[in-house]
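Structure record follows, encoded as structure tokens.
Reminder, nothing fancy here: chain letters follow the sequence lines and each chain counts from 1. Everything quoted here is computed from the prediction, not taken from an experiment.
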Protein chains: 2
Amino acid sequence: MKNKATSFDIAHMAGVSQSTVSRALNDSPLVNIETRRKVQEIARQLNYKVDKNASNLRRQRSSTIALLLFEDPTSDDSMINPFFLSMLGSITKASASRGYDLLVSFQNLDSDWHAEFEDSHKADGIILLGYGDYRSYEGKLTQLQEQGTHIMRWGAPVAEYPGISIGCDNFQGGKDVTEHVLSLRQGNFAFIGDVGDKAPEFQARYEGYLQALEQHSGTSVASVQIDAISAESAGIDAAQQLLERHTPLPDAIVCAADIIAVGVLKTLKAAGVQVPADVAVVGFDNIQLSAFTTPSLTTVQQNTIQAGEALVENLLRAIEGEQTTDYLMPATLIVRQSCGCESNE
Amino acid sequence: MKNKATSFDIAHMAGVSQSTVSRALNDSPLVNIETRRKVQEIARQLNYKVDKNASNLRRQRSSTIALLLFEDPTSDDSMINPFFLSMLGSITKASASRGYDLLVSFQNLDSDWHAEFEDSHKADGIILLGYGDYRSYEGKLTQLQEQGTHIMRWGAPVAEYPGISIGCDNFQGGKDVTEHVLSLRQGNFAFIGDVGDKAPEFQARYEGYLQALEQHSGTSVASVQIDAISAESAGIDAAQQLLERHTPLPDAIVCAADIIAVGVLKTLKAAGVQVPADVAVVGFDNIQLSAFTTPSLTTVQQNTIQAGEALVENLLRAIEGEQTTDYLMPATLIVRQSCGCESNE
DNA sequence: CTGAAAGCGCTTACAG
DNA sequence: CTGAAAGCGCTTACAG
């Protein structure tokens, strides 16, 4: 059995027409139950599977979702933010369970992404993932949308960005974690993470942070903000900057992402600064690593399973022609030891 | 521009036949350079992309690689071994750079994997990933092979398993890390990890471990072995067992995977056992987490970038009809602090 | 309930 | 160098 079987082979064996085979295999009600059983039984014996290329070509759809994972080019090449890896896992499962293939591709702002972008042409819909600046892709994405491709984006809703956005409540999460720190700390605060238009998720977290500080202003709280993209190295750079230029050190450092906090912790440790004794540090994302840093990191959890489900579910709805809208999922504060408070971990 | 452009649209605009458009876009030397340029220019303007379904159907190939990631059902559902997530990243990049799509699917031994397995029918080749027991899949995989699908497997070469295997030198890695421990420790040793036929990678590591012990037998070294699949929870169970039944505790614990070691460290810590003072612990894989445990974990690195490249490269060679054979890549000892030795990390 | 036939958008002998 | 035509394996009106 060198060549894969076709529906004609089955038709021949079952003594029916190829049309009937096709109907039987697609569980069409138009086919006699006996005939259907016979056809399906033969198909199973032959290990027959429908040729997706032919089927999709004929049906004029692809049964495929493209996942474009954007990474900032400046981040370490070797290490994708584990948070997105985790999202990748949940999106894979969510699409598989709905009978859709997932075409994964990594977009890198400085590579020849045009080539990789081709994937998106083979898909009924696209999921965008990454703490990235989508504006540079706007042209291509808009063009795809005009050609009927649906786009779902993980992150904060931004009117100018393409597609519908689903994200966690970054504002509330930033506020919650900052309030937690405020309940334990006084003094100067620092926020590490980009806060411009190009980083809407970080910006929302920053705004939550600012509001918490403001509402707490019985005690006056000073704040500095230092830019950092989503990468350990950026956290190291930012912490270095803090150590060099800001004396005394802030009493608490709120990081826009766990992976940044990891770099911050490393740098502080190397400089002999005690966490949480000298300074409290918190992150965002609840990556696996955050439970293992020393001290373990207080952070905000985004439910990746639920997020993957929501992205796929809404994308498929959009493909079916239903109306979908932006929405936010709740974020959960995870208290660990990096603020010096009690913890059950 | 609601509908995607076809080659006929371009043919019309360029004033040539559709055949010529197809040739021009495939860089056929049979087409006039002027004509080719004109066609390609129009294609770019229209944001035209070849319909892969049609193209693959005609060419009778798929330009797709299926990645089947096997997980043991007993492992925590939420957490895929980060080592394989890292492999996933490198395989994705390696296939993209060669113009192949990657269809990712997670196989779970206890789920209805038949459904997910269908993916493999759409692929020119399959990459198998996971510390899994492939024997239960043998029937399906053999059938695919007979139908002309090429299979590449990450792991130790096992004659009965389907496909060509590429892996790291688990034996040497196991031996190296054990010798390192032996250079610092005397006394009783324990190995945690499955060592049966169903876990050939772990078994090879175990054999390296045994050989190191044997060659060192100037000092007599006692050894126990405890089963554990590749999961943190399995490490916790195994360490618990060690604590309950083995007094005194071994002086060194060699774990078959980092993720097992993470569970072991956690359990020892909870029991008040000091690492490395009371007992040395080492792992295997060099997952990101291993640098962040307390103490940081001495382990063996498998080069995932190189591994992904090798898997894809060899798979494509096999698809082209070239002969390929099993082979091993070197594994590198990474010394950290969990054995109490000096470290530069 | 079933079959004969058209056609999805390409690639590629074949003929010029 | 170019074009007309066949055909990849399906799905689905259309006719019975």
Side-chain angles (χ1 to χ4, degrees), chain A residues 1-40 42-43 46-64 99 101 118 121-124 147-148, chain B residues 1-40 42-43 46-64 99 101 118 121-124 147-148:
Chain A
M1 198 205 312
K2 181 64 189 156
N3 294 305
K4 303 196 179 179
T6 74
S7 52
F8 283 94
D9 299 329
I10 296 178
H12 185 71
M13 291 177 71
V16 297
S17 76
Q18 182 269 339
S19 325
T20 301
V21 171
S22 176
R23 290 196 192 95
L25 294 174
N26 286 293
D27 284 325
S28 160
L30 288 172
V31 83
N32 181 290
I33 185 84
E34 286 298 316
T35 317
R36 185 197 306 186
R37 283 221 188 95
K38 184 163 55 170
V39 167
Q40 293 187 342
I42 293 173
L46 263 56
N47 197 25
Y48 169 82
K49 290 288 164 353
V50 169
D51 182 312
K52 282 288 179 185
N53 285 319
S55 164
N56 288 335
L57 175 59
R58 177 56 229 251
R59 284 192 156 127
Q60 288 298 83
R61 58 164 202 188
S62 67
S63 301
T64 298
D101 289 331
E118 289 185 13
H121 278 270
K122 304 168 210 154
D124 297 325
Q147 291 173 347
Chain B
M1 199 202 313
K2 182 65 189 153
N3 294 305
K4 301 198 180 179
T6 73
S7 52
F8 282 94
D9 298 329
I10 296 178
H12 185 72
M13 290 178 70
V16 296
S17 76
Q18 182 269 339
S19 327
T20 300
V21 170
S22 177
R23 290 196 193 95
L25 294 174
N26 286 294
D27 285 325
S28 160
L30 287 173
V31 82
N32 181 290
I33 185 85
E34 285 298 317
T35 316
R36 184 196 308 186
R37 283 222 187 94
K38 184 163 58 172
V39 168
Q40 294 187 341
I42 293 172
L46 263 56
N47 197 26
Y48 169 83
K49 292 287 163 357
V50 168
D51 182 313
K52 283 287 178 184
N53 285 318
S55 164
N56 288 335
L57 175 59
R58 179 56 230 252
R59 284 193 156 127
Q60 288 298 84
R61 58 163 205 189
S62 67
S63 301
T64 298
D101 289 331
E118 289 185 11
H121 278 270
K122 305 168 208 154
D124 297 324
Q147 291 173 347

*Mind listing the residues from residues 7-17 of chain A sitting with a heavy atom below 4.0 Å of DNA chain D? Number order is fine.*
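Correct list: Ser7(A).
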*Pairwise C1' distance for dT12(D) and dG16(D), with rounding to whole Å*: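 Their C1' atoms lie roughly 16 Å apart.
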*Which value, in whole Å, describes the distance between the P atoms of nucleotides dA6(D) and dT2(D)?*
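My reading of the P atoms in dA6(D) and dT2(D) gives 22 Å.
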Donor-acceptor contact below 3.5 Å, side chain [X] vs main chain [Y]:
| X | Y | result |
| --- | --- | --- |
| Arg36(B) | Ser28(B) | yes |
| Asn32(A) | Glu34(A) | yes |
| Ser62(A) | Asp124(A) | yes |

_From dT2(C), dC10(C), dG9(D), nucleotide with atom closest to Ala54(A) side chain_ = dG9(D)
*asked:* Given dC10(D), dG9(D), dT2(D), identify the nucleotide with an atom nearest to the side chain of Leu57(B).
replied: dG9(D)
*Could you tell me whether the phosphate oxygens of dG7(D), OP1 or OP2, come under 4.0 Å of any side-chain nitrogen or oxygen in Gln60(B)?*
no
*Tyr48(A) side chain N/O closer than 4.0 Å to the phosphate oxygens (OP1, OP2) of dC10(D)?*
yes
What integer distance in Å separates [X]:[atom1] from [N]:[atom2]?
| X | N | atom1 | atom2 | result |
| --- | --- | --- | --- | --- |
| Asn56(A) | dG9(C) | CG | C1' | 13 Å |
| Asn53(B) | dC10(C) | CG | C1' | 10 Å |
| Asn32(B) | dG3(D) | CG | C1' | 15 Å |
| Asp51(B) | dC10(D) | CG | P | 17 Å |

*How does DNA chain C read in dot-bracket, base by base from 5' to 3', with Watson-Crick or G-U pairs under 3.5 Å and | used when the partner is on another strand?*
|||.||||||||.|||
Using a cut-off of under 3.5 Å, enumerate the N/O to N/O pairs linking the protein to nucleotides 12-14 of chain D.
from	atom 1	to	atom 2	distance (Å)
dT12(D)	O4'	Arg58(A)	NH2	3.2
dA13(D)	N6	Arg23(A)	NH2	2.9

*More 5' along DNA chain C: Leu25(B) or Thr35(A), using each one's nearest nucleotide?*
Thr35(A)
